[in-house]
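Every heavy atom of this structure was used, including side-chain atoms; hydrogens, water molecules and symmetry mates were not. By convention in this document, chain letters (A, B, ...) are assigned in the order of the sequence lines, proteins followed by strands, and residues within each chain are numbered from 1.
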Amino acid sequence: MIEPQILDHPKDMLLRKERIPHIWCPGCGLGSVLSALVDALRNSDLDLKNVAVVSGIGCTGRAAGYLNLDSFHTTHGRAIPYATGLKLANPDLTVIVFSGDGDLAAIGGNHLIHAARRNVDIKVICVNNFNYGMTGGQGGPTTPRLARTTTTSYGNTEKPFNLVHLTAACGAPYVARWTSAHPHYMKIAMGEMLKKDGFSFLEVIAPCPTNFGRRNKLREIKLLQRFLEQAILEAQPDIAKADIELDSPILCGKFVDLERPSYLAAIKETVSAKVKVYDFRGDGRVPLEEAPVKAAAAKAPGKPAEVPAERPIIQRPVQIKLAGLGGQGIGLCGLIIGRAAAIFDHNQAVYTQEYSPEARGGASASSIIVASGQIHAPYVTEPDIMVIMAQGAYNKYQKDVRPGSRLIIDKDLVRPKDLPGSVQVQAIPATRLAEELGQKVVANIVTLGFFTALVPYISLAAMQKALKGSIPKGTEELNLRAFETGYDYGKKMQEEEAV
Amino acid sequence: MTRLGVFICHCGKNIARTVNIEALREKAATLPHVVLAKDYLYLCSKPGQTMIADDIREHRLDKVLIAACSPRLHGKTFAQTAQRAGLNPYLLDMANIREHCSWVHIDGAEGTEKAFSIIKGGLGRLLYAEPLEPFQSPVTKRVLVIGGGVAGIQATLDIANSGYEVYLVEKSPSLGGHMAQLGETFPTLDCSSCILTPKMVEVSQNEHVHLLSYSEVTRIEGNIGQFQVTVRLRPRYVDETLCTGCGDCVPTCPVVVSNEFDQGLGARKAVYLPFPQAVPAVYTIDWDACLNTDKLIICENCYKDCEAKAINFLMEPQEKMVEVGAVVLATGYELMPVARIGEYGGDEYEDVIDGLQFERMLSASGPTGGVVRRPSDGRIPQNVVFVQCAGSRDPEHGIPYCSKVCCMYTAKHALLYKHAVPDGQVYVFYIDIRAAGKGHEEFVQKVMSEERILYLRGKVSKIFKSGAKLVVWGADTLSGRQVEIEADLVVLAMAVIPSSGSQKLARTLHIASDLSGFFSEAHPKLRPLESNTDGIFLAGAAQFAKDITDTVSQATGAAGKALSLLANDFIKLEPTISEVEEGICRGCGLCVSICPFGAVKMLPSTRTGAMVAGINPILCKGCGLCTAGCLSGAVTLKGSSFKQIFAQLEEMV
Amino acid sequence: MPPVKRKLFNLDQYQVPRGKVQIISERCKGCSLCLEYCPNKVLAWSTDYNFKGYRYPVLEETEEKYCISCRFCEEVCPDFAIYVTTEPELTAKPQSTQRK
């Protein structure tokens with residue numbers, strides 16, 4: 001915040017004096033709204049160091065530059081997400097969004113409805129002048145029907161948004177509408193908003209004499225006088241009657257004022273029952289004493305763990321591809337292999353997955369690259385080992401089978417055809433063995449055990465540890481048996497081949 | 001077979017003188033269905049009634065005819081006799097052979113023949129009589145008092161202190177009415193505010209009282225025991241629950257206007273308390289005077305100065321629905337405008353004022369701090385002329401009646417002026433001196449004997465300005481001379497007229513008012529506190545001009561009437577009312593306009609949905625106008641059906 | 001005959017606030033909101049122009065006593081170009097400030 005300068009006008013203390021007079025046109029309602037906001041801030045109990053103002057693009061967007069506060073002039077339509085980020089990072093802030101109808105309701109419309117739905121604690125002041133003023137006066141989402149703008153020369157044909165109805169329907173707990181000629185009511189509304197915890201929305205109807213007024217035959221002050229003629233101020237206005245047409249009443253007042261847990265309050269309430277939620281401090285750090293997990297890491301930073309003795313050394317990266325049907329557990333297998341190599345063998349591993357769009361039943365593949373040294377590229381282009389558990393998968397990945405590579409298949413499900421020369425095919429009736437164990441679903445673990453027996457790059461101990469850490473609680477016994485079954489089968493096959 | 005009994009009364013010599021009772025009895029005994037015909041000297045006496053009751057039981061009489069005096073006299077007596085004997089009282093009828101016969105005949109033969117005809121007719125009617133049961137209507141134990149002057153306040157206190165809920169509705173922002181404006185009251189010269197404000201405070205603090213000030217009654221429906229009243233609460237733009245009455249809002253209000261409480265002699269701001277002792281002690285914003293409008297708020301001065309944050313420019317009128325069992329009307333009076341009397345300047349002259357304006361000057365909390373001044377230049381007047389009967393007793397100006405209080409208050413004014421300005425000269429023009437109350441004559445005599453108070457008997461014909469001076473032309477009939485007086489100040493005792501909203505209220509409540517606009521009583525002598533609508537009572541100057549003593553008495557009386565109604569959980573209503581046969585009714589609506597009690601409404605028929613007449617049994621008085629007026633013959637009057645009437649006629653003709 | 005308007009006796013007990021309107025002419029853009037909505041119409045257009053070429057409001061000396069310090073001009077001005085300093089005492093004699 002810039003130091004206060006010598007005052008000329010009583011409200012100058014909250015303005016960046018060097019930028020006054022502002023660029024807004026004579027008779028523009030924006031100045032009146034800004035003036036009301038300055039008063040509302042002065043009259044509130046807030047510590048102005050903790051007030052942030054975020055604006056978008058447009059004439060209204062320039063407001064951030066005129067206020068002597070921490071303010072942010074952001075991209076078109078993105079004031080609300082920016083403000084949301086500010087608030088989440090530092091919940092002590094009072095975050096005010098000051099933006100226009102085009103910025104908030106057109107390009108930023110999506111953010112508006114979700115912020116209201118989520119009840120993020122930001123105070124949104126939407127200055128509605130019924131067009132895109134800064135860019136020359138084009139029609140926007142709030143332009144009334146039959147109004148003339150540069151893009152609606154014959155009169156607007158679209159029904160405009162009823163912004164108060166929109167935000168209220170999304171769940172905003174505070175919704176009000178006034179005009180820029182009502183400083184008394186604007187100040188009261190802004191004061192209420194500043195105190196409210198939750199999403200507040202104030203729509204201020206403001207004249208744009210240069211563009212909207214001029215094109216609709218209501219030059220200079222006539223546009224504002226017209227608004228005042230149409231305005232009906234009520235204590236409990238009916239939101240369903242608040243549509244704005246060229247000749248309809250403009251219903252003003254406080255439409256909604258209820259209590260609803262704000263976004264952060266709801267998270268705290270729901271999640272804190274299950275997980276310890278730490279209160280944010282202003283700088284986002286968690287105090288050491290409260291975070292045991294992090295403390296342990298803090299106590300021993302950067303110290304390498306012990307390296308086991310029998311660690312397979314892989315000279316150059318080995319590319320492994322696993323493929324099967326979605327649901328067979330191909331992804332899990334790849335993950336276990338990768339974890340075994342990287343975590344427990346202290347080698348390097350890279351793991352990627354491929355899916356087709358079906359939730360179940362489509363083809364599924366995973367690729368792992370293991371090496372003792374650095375792996376430069378994560379993609380498997382020429383697999384050294386392929387593990388295929390379904391015919392459909394074989395058909396799809398047949399083209400990747402290289403001469404001289406190893407092909408591990410499920411004996412019953414896969415009939416490899418047209419193989420290039422010198423491919424070593426090793427088969428295991430994994431599904432059948434899994435069925436014998438009682439659960440067809442562990443076929444992938446059986447295959448994994450088989451793989452471990454035949455492939456020298458990953459140690460048995462590592463694979464076993466990785467397996468234990470990757471399966472759901474309660475399934476250890478079955479999975480270990482499946483693994484053993486596959487492993488034993490593989491070892492037996494190796495002995496027979498040796499003979 | 002119906003068993004009829006006929007009892008003929010001698011009524012001493014009243015009937016027996018002209019009618020041959022014995023012959024009558026013999027003849028009556030021969031009539032069809034008559035199983036018993038008896039005569040007795042005084043049927044209304046205790047032994048007479050006992051005899052009737054015994055005979056009813058002994059002879060198992062189904063219906064009884066009493067040939068005697070007018071039912072208006074003893075109808076109830078004999079009905080109770082029947083009830084005691086176990087007979088439905090509507091199966092006992094009276095044939096009037098006294099007022100209708102013996103009292104208007106001299107010749108015995110004629111009289112006897114006529115009496116027989118009457119008895120025959122009565123029996124014919126009786127044959128078709130049906131038993132009827134009186135019905136009950138619940139009474140809501142709550143009272144509405146309209147008007148917050150001393151009459152309304154007194155009635156409210158009397159009812160609330162009896163433990164019943166009261167809604168007190170007052171049009172202006174504060175209670176007190178005109179009595180709060182007065183300085184001292186005759187004949188004791190008590191300080192008016194000092195005796196009134198304790199009562200006002202009592203009203204505001206009584207837990208049974210709901211005070212709705214700055215409000216008006218807009219609609220009333222229903223009937224005695226169950227009135228549904230709609231009250232419209234005007235917005236003060238100040239929250240009553242938050243306002244502490246501190247008055248911080250007043251200094252910075254930029255608008256200064258004339259204060260109604262000071263009758264145009266004093267000022268107030270747009271945000272104001274009508275007078276310092278106002279109840280409720282809550283400020284009000286006069287929206288018409290305030291710079292703000294429903295569309296635009298220009299000035300926030302009072303809003304900013306109010307620490308309690310009680311000011312809210314968005315307040316809207318509210319409607320409140322209340323159900324009450326009784327209503328007390330205490331809407332009070334006002335003075336006829338000076339403008340209506342052109343001869344006295346028609347309100348063109350600043351120094352010609354009325355009694356209430358003079359009263360405000362005398363009041364210690366008034367715009368002059370209790371000093372009598374000329375409105376034109378503020379000087380203290382040395383020659384004051386009081387004109388009594390300004391407008392009153394004057395059919396030419398539309399007020400034929402006497403306003404009752406002016407002689408007394410003019411004497412009081414004269415006396416108080418003399419106390420303040422001992423060397424001042426006072427002239428009082430009068431026609432008569434009406435000082436009929438307790439201590440009143442003594443008071444006036446004292447005033448009349450004061451030095452330099454001159455009582456002149458005569459009317460003032462003209463008041464006008466001659467150059468800078470005010471000239472009064474009058475007559476002194478006792479000396480027979482014309483009188484011309486140069487006055488510094490003229491005080492007119494303007495006529496007391498009903499307060500301006502009463503006509504509209506009378507229409508809203510469907511009650512009658514007289515030609516002068518005062519509410520009409522049910523009977524001027526015997527029922528002066530009841531309006532012609534059951535359950536709505538009258539109190540105070542709204543019924544007619546009166547002083548504070550009479551107002552307070554009447555208010556307590558009206559409260560008593562309301563309380564005697566509320567003391568019952570139900571009111572019993574006579575079943576002799578009219579009834580509509582829906583199938584015959586053609587829905588023309590003539591009966592709706594005929595009914596003087598507003599008891600008939602057009603309602604959708606429960607069977608066909610077409611609009612037919614429906615009679616509110618509680619409002620219906622059984623007058624029979626709708627029965628006679630119905631073009632389709634769809635209305636019957638219970639207890640007097642067409643069958644009964646035609647049978648009676650046939651027998652008599 | 002029209003009813004007479006009497007002078008109110010106790011006017012000196014009812015005083016109203018008085019304000020002095022201060023105009024920062026260089027900021028003004030001549031939008032006319034203050035002129036139009038002043039309840040006592042104390043402002044008038046200047047005869048000269050400011051550096052941007054706009055006319056701006058001025059308060060003539062004869063009009064000074066009519067300003068009641070409602071501050072609407074200060075609140076509604078979009079350009080922070082006008083404000084009111086309220087006299088510390090309630091000094092105005094009401095009769096002389098009543099324009100309505």
Side-chain angles (χ1 to χ4, degrees), chain B residues 250-259 262-270 272 288-293 295-305 337-342 344-353 357 360-361 365-369 371-378 465, chain C residues 1-21 32-43 57 59 63-78 82-100:
Chain B
V250 176
T252 50
C253 175
V255 178
V256 179
V257 291
S258 165
N259 188 355
D262 285 332
Q263 300 290 130
L265 296 179
R268 62 165 170 81
K269 294 283 189 85
Y272 71 107
D288 297 321
C290 179
L291 294 177
N292 298 325
T293 63
K295 294 254 187 209
L296 195 59
I297 303 295
I298 302 261
C299 170
E300 296 181 278
N301 287 0
C302 58
Y303 173 83
K304 288 202 268 216
D305 283 341
V338 177
R340 271 169 64 177
I341 306 188
Y344 297 166
D347 207 15
E348 206 187 76
Y349 305 125
E350 282 169 280
D351 295 324
V352 177
I353 60 177
Q357 286 171 316
R360 287 310 297 149
M361 284 206 278
S365 63
T368 57
V371 180
V372 176
R373 292 185 186 279
R374 284 158 47 95
S376 56
D377 55 17
K465 259 249 176 84
Chain C
M1 279 170 281
V4 66
K5 253 205 141 192
R6 292 182 174 82
K7 287 191 287 289
L8 305 172
F9 277 118
N10 54 1
L11 265 187
D12 51 1
Q13 289 169 29
Y14 290 93
Q15 291 171 328
V16 298
R18 181 128 52 107
K20 200 168 155 82
V21 184
S32 79
L33 281 177
C34 53
L35 241 94
E36 290 288 329
Y37 290 110
C38 172
N40 273 357
K41 297 274 185 281
V42 306
L43 297 170
L59 176 64
E63 299 293 311
E64 267 179 27
K65 62 179 186 292
Y66 291 106
C67 172
I68 47 166
S69 195
C70 72
R71 294 176 173 265
F72 187 68
C73 52
E74 181 178 327
E75 295 302 315
V76 84
C77 172
I82 190 170
Y83 63 100
V84 179
T85 46
T86 312
E87 303 287 313
E89 303 287 323
L90 296 174
T91 53
K93 282 251 154 35
Q95 203 80 73
S96 64
T97 66
Q98 277 320 102
R99 277 289 190 72
K100 259 185 79 155

Peer 1: Using a cut-off of under 4.5 Å on heavy-atom pairs, state which of B/Gly378, B/Gly366, B/Pro337, B/Pro251 scores highest against chain C.
Peer 2: B/Pro251
Peer 1: Taking side chain as everything from C-beta outward and backbone as N, CA, C, O, which of these in B/Asn259 sits under 4.5 Å from a heavy atom of chain C? Side chain, backbone, both or neither.
Peer 2: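 Contact with chain C is absent: no heavy atom of B/Asn259 under 4.5 Å.
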Peer 1: Using 0.5 Å steps for rounding, measure from the CD1 atom of B/Ile298 to the CZ atom of C/Phe72.
Peer 2: 4.5 Å
Peer 1: Could you tell me whether a side-chain N or O of B/Lys269 sits under 3.5 Å from a main-chain N or O of C/Gln15, the two making a donor and an acceptor?
Peer 2: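 Answer holds: yes.
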Peer 1: Would you check, one step at a time, whether the test side-chain contact (heavy atoms from CB on, under 4.5 Å) holds for C/Asn10 with B/Asp262?
Peer 2: CA-CA 10 Å; C/Asn10 54 1; B/Asp262 285 332; 4.2 Å; yes
Peer 1: Less than 4.5 Å to any heavy atom of chain C: does that hold for the side chain of B/Gln357, its backbone, both, or neither?
Peer 2: side chain
Peer 1: Is there a side-chain contact (heavy atoms from CB on, under 4.5 Å) between C/Arg6 and B/Asp347 once you walk through the steps?
Peer 2: CA-CA 10 Å; C/Arg6 292 182 174 82; B/Asp347 207 15; 3.4 Å; yes
Peer 1: Of all the heavy-atom pairs spanning C/Cys70 and B/Cys299, show the shortest one and how long it is.
Peer 2: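 Scanning both residues, the minimum pair turns out to be CB-CB, 3.9 Å.
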Peer 1: Check whether C/Ser69 gets within reach of chain B through its side chain, its backbone, both or neither, counting any heavy atom under 4.5 Å.
Peer 2: backbone
Peer 1: Search all heavy atoms of B/Arg268 against all heavy atoms of C/Tyr14 and return the closest pair with its distance.
Peer 2: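 The answer is CA-CE2, 3.9 Å.
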Peer 1: Can you say whether B/Arg374 sits under 4.5 Å from chain C via the side chain, the backbone, both, or neither, judging by heavy atoms?
Peer 2: backbone
Peer 1: Picking from B/Ser258, B/Pro375, B/Gly264, which has the most non-hydrogen pairs under 4.5 angstrom with chain C?
Peer 2: B/Pro375
Peer 1: Taking side chain as everything from C-beta outward and backbone as N, CA, C, O, which of these in B/Val352 sits under 4.5 Å from a heavy atom of chain C? Side chain, backbone, both or neither.
Peer 2: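 B/Val352 touches chain C through backbone heavy atoms alone.
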Peer 1: Most heavy-atom pairs under 4.5 angstrom with chain C, which of B/Ile353, B/Leu265, B/Val338, B/Asn301?
Peer 2: B/Leu265
Peer 1: Report which part of B/Leu296 has an atom under 4.5 Å of a heavy atom belonging to chain C: side chain, backbone, both, or neither.
Peer 2: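 Only the side chain of B/Leu296 comes within 4.5 Å of chain C.
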Peer 1: Looking at every non-hydrogen atom in both residues, tell me the closest pair between C/Leu8 and B/Gly266 and how far apart they are.
Peer 2: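 Result for this residue pair: CD2-O, 3.4 Å.
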